[in-house]
Amino acid sequence: KQMLGAYNLPLNSFEVPKRGIENTTLILKTAQGKFVLRIYRKDNKRPKDIRQELDFMNYLAKHHLPIPRVYPNDKKQFISSYNKDGVLWQYILMEFMDGKPPTKYSPKLIKNAASVQAMMHILGKKFAKGQPRKKFPTIIKDNYFLPYVQISKIKNKRVREFLTTAEGFKLRLDPSLPMGYNHLDY
């Protein structure tokens, strides 16, 4: 509720969607309608990285892709922050766009999704040309999930073997690969 004070939105209720891993997303119900609150993981993104993400969203929207509108707070800023016990949380408020994952994939739906995804990649590449090139790792390995798994305590031998293999997996990337904004943007 305190986070919404920056938007003068009294909260009626909220729900946490079942999808999403990078940030915390809440679907808010207010007297003014439904909204989406995206809370960035603490210490994960700098304000300039979030601004670049918002610039990219605006760039996609200007090219007629279905992108939610981001609302400014009461200080006319698009990125808000909240300090809780000395920890700074950054967040944005977005338009709620109703929809559900499909249960069946018709050829028409697949073609439409592929067209939107292709356009997003093309635009991401164009957008990236006007941005400073980020350094990205030339070796990719899992640092997100496996460090928290105690493989030796897994009883199922096949799962234990799989996780041990995954733990040693590394992929070396060619640093000259072309880069679009929506890839390697962490």
Side-chain angles (χ1 to χ4, degrees), residues 1-102 112-113 115-137 143-145 147-148 179-186:
K1 286 184 174 186
Q2 291 174 330
M3 288 181 163
L4 292 181
Y7 299 94
N8 299 312
L9 277 177
L11 180 65
N12 292 341
S13 64
F14 71 91
E15 63 183 272
V16 181
K18 293 183 174 108
R19 299 190 186 314
I21 59 169
E22 185 63 23
N23 307 298
T24 298
T25 301
L26 304 174
I27 298 173
L28 312 175
K29 293 180 183 173
T30 73
Q32 287 85 357
K34 282 184 165 182
F35 297 89
V36 174
L37 188 72
R38 175 185 292 164
I39 305 168
Y40 293 91
R41 285 191 301 147
K42 64 180 180 171
D43 304 324
N44 190 45
K45 282 194 177 183
R46 300 170 297 181
K48 76 177 201 172
D49 296 325
I50 298 171
R51 277 192 297 280
Q52 186 180 39
E53 178 183 327
L54 297 178
D55 288 345
F56 183 54
M57 290 172 67
N58 286 332
Y59 183 81
L60 294 175
K62 285 178 185 171
H63 288 86
H64 311 291
L65 285 172
I67 302 296
R69 178 178 174 216
V70 178
Y71 297 103
N73 60 28
D74 57 2
K75 294 178 182 156
K76 308 280 188 250
Q77 301 294 312
F78 289 95
I79 304 169
S80 299
S81 59
Y82 174 70
N83 194 318
K84 173 81 170 142
D85 300 326
V87 177
L88 187 66
W89 296 90
Q90 299 177 100
Y91 58 100
I92 62 173
L93 184 73
M94 297 184 288
E95 168 187 20
F96 175 78
M97 296 177 81
D98 202 10
K100 293 182 180 167
N112 184 46
S115 295
V116 170
Q117 190 67 34
M119 183 55 69
M120 188 180 290
H121 284 273
I122 290 166
L123 291 170
K125 192 172 178 181
K126 288 179 182 177
F127 178 82
K129 285 182 181 179
Q131 304 298 313
R133 185 165 171 100
K134 290 183 177 183
K135 290 184 178 182
F136 64 90
N143 291 323
Y144 186 75
F145 173 72
Y148 301 101
M179 184 175 136
Y181 180 70
N182 44 338
H183 284 293
L184 301 170
D185 63 343
Y186 49 91

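From Ile92, atom CD1 reaches atom CD of Glu53 across 6.0 Å, with rounding to the nearest 0.5 Å. Here the CD1-CD1 distance, from Ile79 to Ile50, works out to 5.0 Å after rounding to the nearest 0.5 Å. One distance of note links OG of Ser13 with CD1 of Ile27; it measures 10.5 Å at 0.5 Å rounding. One finds the CG atom of Asn73 at 9.0 Å from the CZ atom of Phe78 (value rounded to the nearest 0.5 Å). Taken from CZ in Phe35 to OH in Tyr71, the straight-line distance is 5.5 Å, to the nearest 0.5 Å. Taken from NZ in Lys34 to CE in Met97, the straight-line distance is 13.5 Å, to the nearest 0.5 Å.
Across all non-hydrogen atoms, the minimal contact from Ala6 to Tyr91 is CB-OH, 4.0 Å. Heavy atoms only, all atoms of each residue included: Phe56 and Met120 are closest at CZ-O, 4.4 Å. When all heavy atoms of Gln52 and Phe127 are compared, the closest pair comes out as O-CZ, 3.9 Å. In this structure, Asn12 and Thr30 approach most closely via the heavy-atom pair ND2-C, 3.4 Å. Nearest heavy atoms, Thr25 versus Pro17: O-CD, 3.0 Å.
Tyr40 is not listed as a side-chain neighbour of Arg46, based on a closest heavy-atom distance of 4.5 Å or more. Taking the side chain as every heavy atom from C-beta outward, Val36 and Leu93 never approach each other to under 4.5 Å.
Under the rule for a side-chain contact (heavy atoms from CB on, under 4.5 Å), the partners of Ile122 that lie at least two apart in sequence or sit in another chain are Lys126. Under the rule for a side-chain hydrogen bond (donor to acceptor under 3.5 Å, both in side chains), the partners of Tyr82 that lie at least two apart in sequence or sit in another chain are Gln2.
The 12-atom threshold is exceeded at CZ of Phe96, counting heavy atoms of other residues, nucleotides or ligands nearer than 6.0 Å. Counting non-hydrogen atoms of other residues, nucleotides and ligands closer than 6.0 Å to CE of Met119 gives a total of 12 or fewer.
In the model, Ser80 has a side-chain atom that pairs as donor or acceptor with a side-chain atom of Tyr7 under 3.5 Å.
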Throw together a table of side-chain donor-acceptor distances under 3.5 angstrom for residues 58-70, partners on residues two or more places apart or in other chains.
from: Asn58; atom 1: ND2; to: Leu54; atom 2: O; distance (Å): 3.4
from: His63; atom 1: ND1; to: Tyr59; atom 2: O; distance (Å): 2.8

